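Please read all numbers here as calculations on a predicted model, not as lab measurements.
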Amino acid sequence: MHISIVTVGKLKEKYLRLGIEEYLKRLSAYAKVEVFEVADEKAPEVLSELEMVQVKQKEGERILAKISQDTYVIALAIQGKLQSSEELADTLDKLATYGKSKIAFVIGGSLGLSEEVLKRSNEQLSFSRMTFPHQLMRLILVEQIYRAFRINRGEPYHK
């Protein structure tokens, strides 16, 4: 299985980078996982509705450029479906079983994802109804992907 994580913006915080690197190292036993960072769109602190849409569209174009046509796309979106760790594990297992070996998880920027990215996604996943910093979501996501592989292999970890 080949998993891509396409995310907006550079990760600056060392503690998050170290955590992500640790989980990526652990995940290498189960799947090829790559992280693609696309540039965030520079914008003033206060934006009009139109400016917000334009920022998301530009970031969305960069995201979509990293995703091939044969990739199953899971967009992280607050309005997405809530799943338990076991349900995410089941989702990944079913995708692998039915020949979906290329999966991309997409994390938007601080304004979220463009309509184009949401339309391209095969499903939308929410980790919570709460809002998390998109940088922190990277760490949470790689940990949950690792947990899913451990669950699917019946290996201890997810207790």
Can you see which heavy atom on [X] is nearest to which on [Y], and at what distance?
| X | Y | result |
| --- | --- | --- |
| K10 | R138 | C-NH2, 4.0 Å |
| G60 | S114 | CA-OG, 3.7 Å |
| M1 | A96 | CE-CB, 3.3 Å |
| I67 | T71 | CG2-CB, 3.9 Å |
| S126 | G80 | CB-O, 3.4 Å |
| A43 | V55 | CB-CG2, 3.8 Å |

When rounded to the nearest 0.5 angstrom, what distance separates [atom1] in [X] from [atom2] in [Y]?
| X | Y | atom1 | atom2 | answer |
| --- | --- | --- | --- | --- |
| L136 | T131 | CG | OG1 | 12.0 Å |
| L64 | E116 | CG | CD | 7.5 Å |
| L27 | R150 | CG | CZ | 10.5 Å |
| I140 | R147 | CD1 | CZ | 11.5 Å |
| I145 | F105 | CD1 | CZ | 4.5 Å |
| L118 | Q124 | CG | CD | 4.5 Å |

Is there a chain of hydrophobic side chains (I, L, V, M, F, W, Y, each step under 4.5 Å between heavy atoms) that links [X] to [Y]?
| X | Y | result |
| --- | --- | --- |
| L113 | L82 | no |
| V73 | V6 | yes |
| V38 | V53 | no |
| L11 | L24 | yes |
| V35 | V117 | no |

Would you call the rings of Y23 and Y146 parallel, tilted or perpendicular, where under 30° means parallel and over 60° means perpendicular?
-> tilted
Can you list the steps and then say if R62 with E41 is a side-chain contact (heavy atoms from CB on, under 4.5 Å)?
-> CA-CA 10 Å; R62 294 177 192 135; E41 189 63 23; 2.6 Å; yes
Enclosure of Q79 CD (heavy-atom neighbours >12, cutoff 6.0 Å) | yes
Hey, mind stepping through T91 and L125 against side-chain contact (heavy atoms from CB on, under 4.5 Å) and telling me if it holds?
-> CA-CA 11 Å; T91 296; L125 174 64; over 6 Å; no
Given side-chain contact (heavy atoms from CB on, under 4.5 Å), test E155 with F149 step by step and report yes or no.
-> CA-CA 8 Å; E155 297 171 352; F149 277 101; over 6 Å; no
Which is it for S4 and K66 under the side-chain contact (heavy atoms from CB on, under 4.5 Å) test, yes or no, and what are the steps along the way?
-> CA-CA 9 Å; S4 301; K66 297 289 183 188; over 6 Å; no
Is K58 paired with E61 through a side-chain N to carboxylate O contact shorter than 4.0 Å?
-> no
Answer yes or no: is there an ion pair linking R26 with E22, defined by an N-O contact shorter than 4.0 Å?
-> yes
Any donor-acceptor pair under 3.5 Å from D40 side chain to V8 backbone = no
Just checking, is any N or O donor in the side chain of S85 or Q144 under 3.5 Å from an acceptor N or O on the other one?
-> yes
Less than 4.5 Å apart, any side-chain heavy atom of K94 and any of K100?
-> no
